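Worksheet for the structure shown next.
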Amino acid sequence: MKRIYLDHNATTSLDPEVLKAMMPYLTGEFGNASSIYECGRMAQKAVVEAREKVARLIGAQSDELFFTSGGTEADNWALKGAAEALRDKGNHIITTVIEHHAVLHTCEYLEEQGFEVTYLPVDEYGLVDPAAVEQAITDQTIIVSVMYANNEIGTIEPVEEIGKIVKEKGILYHIDAVQAVGKIPVDVNAIGVDLLSMSAHKLYGPKGVGALYIRKGVKINNLLHGGAQERNQRAGTENVAGIVGFGKAAELSCDNLIETAERLTRLGDRLAKGITEKMDHVRFNGYPLHRLPGHVNVSIEFVEGEALVMSLDMQGISVSSGSACAAGSADPSHVLLAIGLPHEIAHGSLRMTLGKDSTEADVDEVLTILPRIVEKLRAMSPLYQ
Amino acid sequence: MYSEKVMDHFSHPRNVGQIENADGTGQVGNAKCGDIMKIDLKIEDDHIVDVKFKTFGCGAAVATSSMVTEMVKGKTIEAALAISNKAVAEALGGLPPQKMHCSNLAADALHEAIKDYQKKQAQ
Amino acid sequence: MYEDKVMDYFNNPRNVGDIENADGTGRIGDAGCGDIIKIDIKVADRHIVDVKFKAFGCCAAIATSSMATEMAKGKTIKEGLAISNEAVAKALGGLPPQKMHCSNLAADALHEAIKDYQKKQAQ
Amino acid sequence: MKRIYLDHNATTPLDPEALKVMMPYLTEEFGNASSIYEKGRVTKKAIAEAREKVARLIGAQSDEVFFTGGGTEADNWAIKGAAESLRDKGNHIITTVIEHHAVLHTCEYLKEHGFEVTYLPVDEYGLVDPEAVKQAITDQTILVSVMYANNEIGTIEPVAEIGKIVKEKNILYHIDAVQAVGKIPVDVNAIGVDLLSMSAHKLYGPKGVGALYIRKGTQIKNLIHGGAQERMRRAGTENVAGIVGFGKAAELAFDHLSETEERLTQLRDKLLNGMMEKMDHVRLNGHPIHRLPGNVNVSIEFIEGESLLISLDMKGISASSGSACTSGSLDPSHVLLAIGLPHEIAHGSLRVTLGKENTEADVDYLLDILPEIVQKLRAMSPLYEAYLKGEGNRV
């Protein structure tokens, strides 16, 4: 059975060219990048080249780029490191209700450490209001953290506008750009951001490696203490193969970013249009005008998300849902609740995220299978009567 | 890490050794990173006719000592005093940043040797 | 994540539907994880001669409802009441731990339906 | 030129069998282990199997092993997590002066946050005295952290004895076992340890993945917050390929442990004796018996470590040294200074750490070329010249 993978926001496949670039460092070139003999220097050189490629993808300088074990570690480091370093200036942090858990749970941890956190609301499209950011700022505010684009509903936030406001007040600005980097143009200087988190496995790179951009001159405390790696700011032997893979993935994304974005936007629209034509009682979530390419989040009334996901899975289609069961928690997605969906509607949501290998045939296949499954589940649903 | 030139001067150092009753001897040690350099000079009518060095130190320390002896052989005292640490590093095609401080002792050792010679002359 | 039996009862659920003027109807909702299960039963001389279910919920909720109806069909009222959540789960070859709570509503819905029938009889 | 790798404590080559099992997860099996569809279940299962293999290697249960981004993260998590969760019981931590920087700098960080830290000294062999641990314990002590074996001089610490003492006082016990796991038998229950750090790339597994053993019932605060991965204790999408590689490496280490341990101990002793015979003014660092198989650390007087390493590198040999220049800092190795070596002797140290693919021929080759190199460097050394003239004292 041909498998159709439509969950690229969860993770992406490793691009064969990325794997090819990694292979030497999974075989002969196994040197520790801190060692001074030949195979150590080779590893060091490879890390330097990869750093340049990842920096170029976001318009940064190479020495503003620090590798981590993933996007979650980058978010933890940015927020905890900044909070600790700026404690004497204030204890107030501003973020939003729809951030990824890596940001939300880190903020909750900081609340336990005596910090105050304001979780800004979002409108029905999941958009943060820059004016709300401005109003929330007090003289105690030390960090503003807003995600570049939401992983569940695909809405792209007004990060540049927010950047201007935050800059004027001289407050540190962090962006969780895990879902944006590699998919849409990101330029740290145009946005005026100080800290920016990235994750390799969202742009066809390997799992287990990410990066934190730290603007030159910005000082934050370390999260990991120990050896002198990453210019004494992130200890631990470098994951050379992973870093090289991340570099190659960044390079590939950089080269074909615009045309892939355009193609996926068209494919996404085709999928959304097809769903509206073939099924009723459906509603699309997220901001239609400014959203991640190839990202469709739709609530299908009277059916539950996990059952939808499993049924599609049995037909070879991988998607995800904001339903509680799918998320392995008691509540449905905090993002869908935040944009005002009632519980059972949130439970019935489906997220389909296309990727660079997705084709029109994939979309059409989904459009034939999905309506049948919805019909069958609605037939069983007490709510549908 | 190191340039071709540095590796060359490290693996075939020029002017290794010491000079019996040298006209001037300079020894410079960097307690911090542990490198120690000694330079002996033979001087005739204001020219350095012979120069030898001994070094306990890393690759950069050995290479810079070797280079400075090569740069100074046959030069006048005055010309030798003008040789700076930067000039030595440049002659070697540059050094890694963390190596500049602990391995640029060579020029200092040379200047010490010359001062030692001038002091002996003054007596 | 799920046993094959669970997938089978999810994929081709037995006794889906409603019973016009059923003798008893049980409806259980779990506000927490949002599953809702409705079971209708037809009773003739103390036996459950027909049973239908509707479910809004995850695979486990659908599979357990389907299994519960199959286990109850043809049984006496007393035997119907004896069907426990564990028995349903066991009949399905077990359920993942996190699924036990929100999907074992089926037996509860069945008991509600029987109680509803008994209340109507008492009038 | 044939390269001979003799620096296995720095890192090890990825075992081809480990790479083989990783390949599917670097190609078609790319599913996120938290996803509920089939592609996610496949990777979730692979992680469960790897977890079991890593647990078996240290005599632990599967649900006591938590994967991390490496050994350094495991050390940070263990020490910071324990300190934070036991803050109300006390603020005193005991560790040793020769710990790896991942432990030492983490302890320094905690000192900046109101904790007291005692750094126990070591004897000339680098051994920690269990008695000293006992004496250092106060009613404020909440954590004792002692490394299983030292990465530089190879000394294996009396971790089981220390374990008894710490258990009696029921204080939390952490061991940085990054250099021991996979090389010598490690049994968390025999030692009575509560927290134990591991790193895959030290036992022929991939870089970028490690693990923290947390004894059932031990509660420590999380270091990395976010998603619900690793049973809500270490957030972040799982590095599936890395974890699977780690599992295979652990399995291979478990299967061949004693035979490799024996073979490398023999090779080690052959190398050490050869060095002593062929060169004078050479001294062994670390305990002669209680030391990691394959670890040789010697100080060669009158010469400096980095220049020795470069010379060896040009002859195709990769090794390491405690000299300042190699450690990227100004001071020579804190471990060599801790066992009492004077600065310049510490600068002249050479660490050779053999690995499972090293042969007797490798040892012979090193014994062939090392004396020549030492002689050449001594010929250039003012210290040696002073020694020969009887001027300089040998301190």
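First the proteins, then the strands, lettered A, B, ... as listed; each starts at 1. Predicted model, so just to flag it, every value in this text is computed and none were measured.
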Exercise for review: Answer yes or no: is there a side-chain heavy-atom contact under 4.5 Å between A/L14 and D/F30?
Suggested key: no
Check your understanding: Between A/Q113 and chain D, which part of the residue has a heavy atom less than 4.5 Å away: side chain, backbone, both or neither?
Key -> side chain
Rounded distance [0.5 Å steps], [atom1] in [X] versus [atom2] in [Y]:
X      : Y      : atom1 : atom2 : value
D/H225 : A/N76  : NE2   : CG    : 7.0 Å
D/I317 : A/Y37  : CD1   : OH    : 12.5 Å
D/L19  : A/T27  : CG    : OG1   : 7.5 Å
A/L26  : D/K207 : CG    : NZ    : 9.0 Å

Practice item. Measure distances from D/A235 to the heavy atoms of chain A and classify the residue's part below 4.5 Å as side chain, backbone, both or neither. Key: both
Check your understanding: Measuring heavy-atom distances to chain A, does D/P13 have an atom under 4.5 Å in its side chain, in its backbone, in both, or in neither?
Key -> both
Point to revise | Nearest heavy atoms of A/T237 and D/H201, plus distance in Å | key: OG1-NE2, 3.3 Å
Check your understanding: Closest heavy-atom contact between D/T27 and A/L19?
Key -> CG2-CD2, 3.8 Å
Exercise for review: Would you check, one step at a time, whether the test side chain to side chain contact (heavy atoms under 4.5 Å, CB included) holds for A/M23 with D/M23?
Suggested key: CA-CA 10 Å; A/M23 282 313 279; D/M23 284 314 283; 4.2 Å; yes
Point to revise | CA sep, side-chain torsions, deciding dist, call: A/E38, D/M1, side chain to side chain contact (heavy atoms under 4.5 Å, CB included) | key: CA-CA 12 Å; A/E38 203 205 350; D/M1 176 212 332; over 6 Å; no
Point to revise | Pairs involving residues 13-27 of chain A, ordered by first then second residue, that meet salt bridge (charged side-chain N to carboxylate O under 4.0 Å, His left out) (sequence neighbours left out) | key: A/D15-A/K356, A/E17-A/K248
Check your understanding: Do A/S69 and D/R234 have side-chain atoms, one donor and one acceptor, less than 3.5 Å apart?
Key -> yes
Practice item. Before giving the answer on side chain to side chain contact (heavy atoms under 4.5 Å, CB included), spell out for A/E84 and D/H113 the whole-Å C-alpha distance, their side-chain angles and the decisive distance to 0.1 Å. Key: CA-CA 11 Å; A/E84 235 178 65; D/H113 288 73; 3.6 Å; yes
Point to revise | Candidate pair A/E112 and D/E84, rule side chain to side chain contact (heavy atoms under 4.5 Å, CB included), full reasoning | key: CA-CA 11 Å; A/E112 288 162 23; D/E84 236 182 283; 5.7 Å; no
Revision key, fill the gap. By side chain to side chain contact (heavy atoms under 4.5 Å, CB included), A/A50 pairs with (sequence neighbours left out) A/F67, A/I243
Exercise for review: Just jot down the side chain to side chain contact (heavy atoms under 4.5 Å, CB included) partners of A/A10, sequence neighbours excluded, or say none.
Suggested key: A/Y5, A/D7, A/R351, D/N32, D/S35, D/Y37
Check your understanding: Which residues from residues 100-107 of chain A are near chain D, with near meaning under 4.5 Å between non-hydrogen atoms?
Key -> A/H101, A/A102, A/H105, A/T106
Point to revise | A/R3 and D/E28 ion-paired at < 4.0 Å | key: no
Check your understanding: Are the side chain of D/N76 and the backbone N or O of A/L224 linked by a donor-acceptor pair below 3.5 Å?
Key -> no
